Amino acid sequence: MSSSTSTSNCGLGKQQRRRLAAFDFDHTIVSQNTDTVVRDMLPNELVQSSALNELMENDCWTEYMAEVFRLLHAQQVSESRIRDTIRCIPEVPGFVRLIKHLHKKLQFDLIIISDSNSIFIEEWLRAHNLSDCFNAIFTNPAEFDVNGQLLVRPHHQQTDCKLSASNLCKGRVLEHFVIEQDLRFNIRYDHVFYVGDGNNDICPVLRQRACDFACARQGFAMEKHLIKNRNKLKLRANLIIWRSGFELLDQMCSLPQLQGPPTAAPQDAQSVSLNVDAEANCKAEMARRASAIAAPVARQQ
């Protein structure tokens with residue numbers, strides 16, 4: 001994870017009421033899948049090789065892309081070529097404007113939760129002057145080694161959520177971010193908007209409250225799944241369907257909930273129960289992370 005979350009006095013002082021927008025990246029902010037765009041820099045015979053196909057068939061996407069990056073390095077595809085390719089991926093129309101408007105005019109907190117990787121996302125945001133708009137980016141960590149090969153690691157490992165890949169449960173990430181903002185910085189979100197397109201965007205919206213908004217791209221898997229199974233899934237959030245960033249911005253700006261500054265709203269019993277459970281989960285996760293960080297240090301001593 002890379003982040004630029006602002007600091008505070010660890011929950012002390014006056015409570016801040018804010019709004020949050022969380023974004024997927026591929027096919028949401030950018031118009032293509034960053035992984036497959038870079039993969040297609042390989043010769044077709046390597047893309048179709050049995051070794052790569054086996055990894056894809058076994059749903060080992062992070063391992064699949066690690067092998068793609070190894071092959072790209074073997075083919076002498078340079079770091080600069082990969083970065084240039086990422087920078088040239090077009091936005092989904094209107095999303096640069098949407099992000100800047102939410103950040104500058106509506107004072108939203110913005111985060112990205114994506115199964116891409118940190119190199120691709122940060123490179124694209126930097127090229128489009130959007131880096132300073134985001135409080136945090138949650139994705140698979142990546143870096144170029146001294147030889148110029150791109151290395152990627154899973155964001156985390158999980159087996160609890162069956163709606164998510166083993167390397168990234170977006171719902172858990174979103175839930176923990178919201179609770180951590182409250183516990184550490186005394187920031188509470190009146191409304192959370194989640195913007196996505198794919199099946200791996202279902203989990204986070206199922207954890208949203210009745211005052212939140214699930215924003216699904218029209219014609220993509222997330223929208224189709226939510227429309228078909230809305231009652232079965234017990235979606236509490238308000239559903240917004242969008243085709244472009246321009247359209248989504250118009251819909252958001254017309255919402256009565258966004259007229260004026262954020263204000264405290266009374267919580268129903270269900271929301272209070274969900275927040276208590278989420279807070280307990282977040283505290284446990286923060287303890288787990290602290291333990292994970294401390295363990296390597298102890299082994300070195």
Side-chain angles (χ1 to χ4, degrees), residues 1-4 23-92 95 111-128 130-131 134 136-159 161 164-170 172-173 196-201 220-221 292 296:
M1 181 194 80
S2 63
S3 67
S4 55
F23 295 87
D24 175 42
F25 192 68
D26 293 345
H27 293 296
T28 296
I29 294 176
V30 297
S31 63
Q32 296 170 273
N33 183 311
T34 49
D35 282 342
T36 58
V37 167
V38 171
R39 178 200 64 189
D40 291 344
M41 299 172 73
L42 287 170
N44 190 57
E45 58 269 21
L46 288 180
V47 174
Q48 300 300 327
S49 67
S50 58
L52 279 183
N53 285 331
E54 184 177 344
L55 287 171
M56 181 179 288
E57 290 169 2
N58 291 333
D59 292 328
C60 303
W61 188 256
T62 307
E63 292 87 345
Y64 174 86
M65 288 308 302
E67 178 63 12
V68 166
F69 298 147
R70 188 191 69 78
L71 292 171
L72 284 166
H73 184 255
Q75 292 289 310
Q76 299 184 331
V77 177
S78 67
E79 174 182 343
S80 61
R81 277 190 62 198
I82 291 174
R83 289 184 181 275
D84 287 345
T85 298
I86 291 297
R87 285 195 295 268
C88 291
I89 298 175
E91 64 169 323
V92 171
F95 261 77
I111 64 174
I112 289 173
I113 311 174
S114 168
D115 203 8
S116 179
N117 68 69
S118 58
I119 290 289
F120 291 175
I121 295 173
E122 291 168 4
E123 187 66 36
W124 194 91
L125 293 178
R126 188 162 47 246
H128 292 80
L130 296 175
S131 299
F134 288 93
I137 299 168
F138 301 91
T139 188
N140 301 303
E143 62 182 352
F144 286 95
D145 68 13
V146 294
N147 298 314
Q149 180 176 334
L150 183 54
L151 306 176
V152 62
R153 305 187 308 279
H155 174 73
H156 57 215
Q157 292 289 353
Q158 67 87 29
T159 56
C161 179
S164 305
S166 62
N167 64 295
L168 179 63
C169 173
K170 295 184 177 185
R172 188 170 93 176
V173 169
D197 71 280
N199 281 322
N200 64 352
D201 297 310
F220 284 71

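Bear in mind that the values here come from a model prediction, so they are computed numbers and not experimental data.
Taking the side chain as every heavy atom from C-beta outward, Thr139 and Phe25 never approach each other to under 4.5 Å. For the pair Ser118/Ile137, no side-chain contact is recorded, criterion being any heavy-atom separation below 4.5 Å from C-beta on. You'll find the side chain of Ile29 stays beyond 4.5 Å of the side chain of Asp24, heavy atoms only. Taking the side chain as every heavy atom from C-beta outward, Phe220 and Thr28 never approach each other to under 4.5 Å. Contact check for Thr62 versus Arg153: no side-chain heavy atoms found under the 4.5 Å cut-off. Within the 4.5 Å cutoff, the side chain of Phe144 has heavy atoms near those of the Ile82 side chain. No side-chain heavy atom of Ser131 sits under 4.5 Å from any side-chain heavy atom of Glu122. Contact check for Ile113 versus Phe23: no side-chain heavy atoms found under the 4.5 Å cut-off.
Among pairs with a residue in residues 39-52, those fulfilling side chain to side chain donor-acceptor pair (under 3.5 Å) read Arg39-Tyr64, at least two apart in sequence or across chains. Residue pairs meeting the salt bridge (charged side-chain N to carboxylate O under 4.0 Å, His left out) criterion with at least one member in residues 64-75, sequence neighbours excluded, are Glu67-Arg70.
By the side-chain contact (heavy atoms from CB on, under 4.5 Å) test, Thr85 is found to be paired with Val37, Met41, residues two or more places apart in sequence or in another chain being considered. Under the side chain to side chain donor-acceptor pair (under 3.5 Å) criterion, Asn33 pairs with no residue, sequence neighbours left out. With sequence neighbours excluded, the residues forming a side chain to side chain donor-acceptor pair (under 3.5 Å) with Arg126 are Glu123, listed by chain and number. For Ala66, the side-chain contact (heavy atoms from CB on, under 4.5 Å) criterion is met by Val152, not counting sequence neighbours. For His73, there are no ring pair (Phe, Tyr, Trp, His ring centres under 6.0 Å) partners two or more places apart in sequence or in a different chain. For Ser78, the side chain to side chain donor-acceptor pair (under 3.5 Å) partners at least two apart in sequence or on another chain are Ser80. Applying the side chain to side chain donor-acceptor pair (under 3.5 Å) rule to Glu79 yields the partners Arg83; only residues at least two apart in sequence or on another chain are considered. For Phe95, the ring pair (Phe, Tyr, Trp, His ring centres under 6.0 Å) partners two or more places apart in sequence, or in a different chain, are Trp242. Applying the salt bridge (Lys or Arg N to Asp or Glu O under 4.0 Å) rule to Asp115 yields no partners; only residues at least two apart in sequence or on another chain are considered.
Within the 3.5 Å criterion, the main-chain N or O of Gln149 finds a donor-acceptor partner in the side chain of Asp145. Using modelled atom types, no side-chain atom of His155 and backbone atom of Val173 make a donor-acceptor pair closer than 3.5 Å. Without hydrogens or angle criteria, Ser116 side chain to Thr34 main chain gives no donor-acceptor distance under 3.5 Å. Side-chain atoms of Asn117 come within 3.5 Å of backbone atoms of Ile119 as a donor-acceptor pair (strictly under, hydrogens ignored).
Atom CG of Leu168 and atom CZ of Arg172 lie 9.0 Å apart (nearest 0.5 Å). If you take CD on Glu63 and CG on Leu52, they are separated by 12.5 Å, rounding to the nearest 0.5 Å.
The nearest pair of heavy atoms linking His156 to Cys169 is NE2-N, 2.9 Å. Here the closest heavy-atom approach between residue Val38 and residue Phe69 is recorded as CG1-CE2, 4.2 Å. Minimum heavy-atom separation, Pro90 to Gln32: CD-OE1, 3.5 Å.
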Start with the C-alpha distance between Ser164 and Asn200, add both sets of side-chain angles, then the distance that settles side chain to side chain donor-acceptor pair (under 3.5 Å), and finish with yes or no.
-> CA-CA 6 Å; Ser164 305; Asn200 64 352; over 6 Å; no
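Of the options Asp26, Val30, Leu125, Ile86, a side chain to side chain contact (heavy atoms under 4.5 Å, CB included) to Phe120 is made by Ile86 and by none of the others. No option in Leu150, Leu42, Asp35, Val47 other than Leu42 meets the side chain to side chain contact (heavy atoms under 4.5 Å, CB included) test with Val68.
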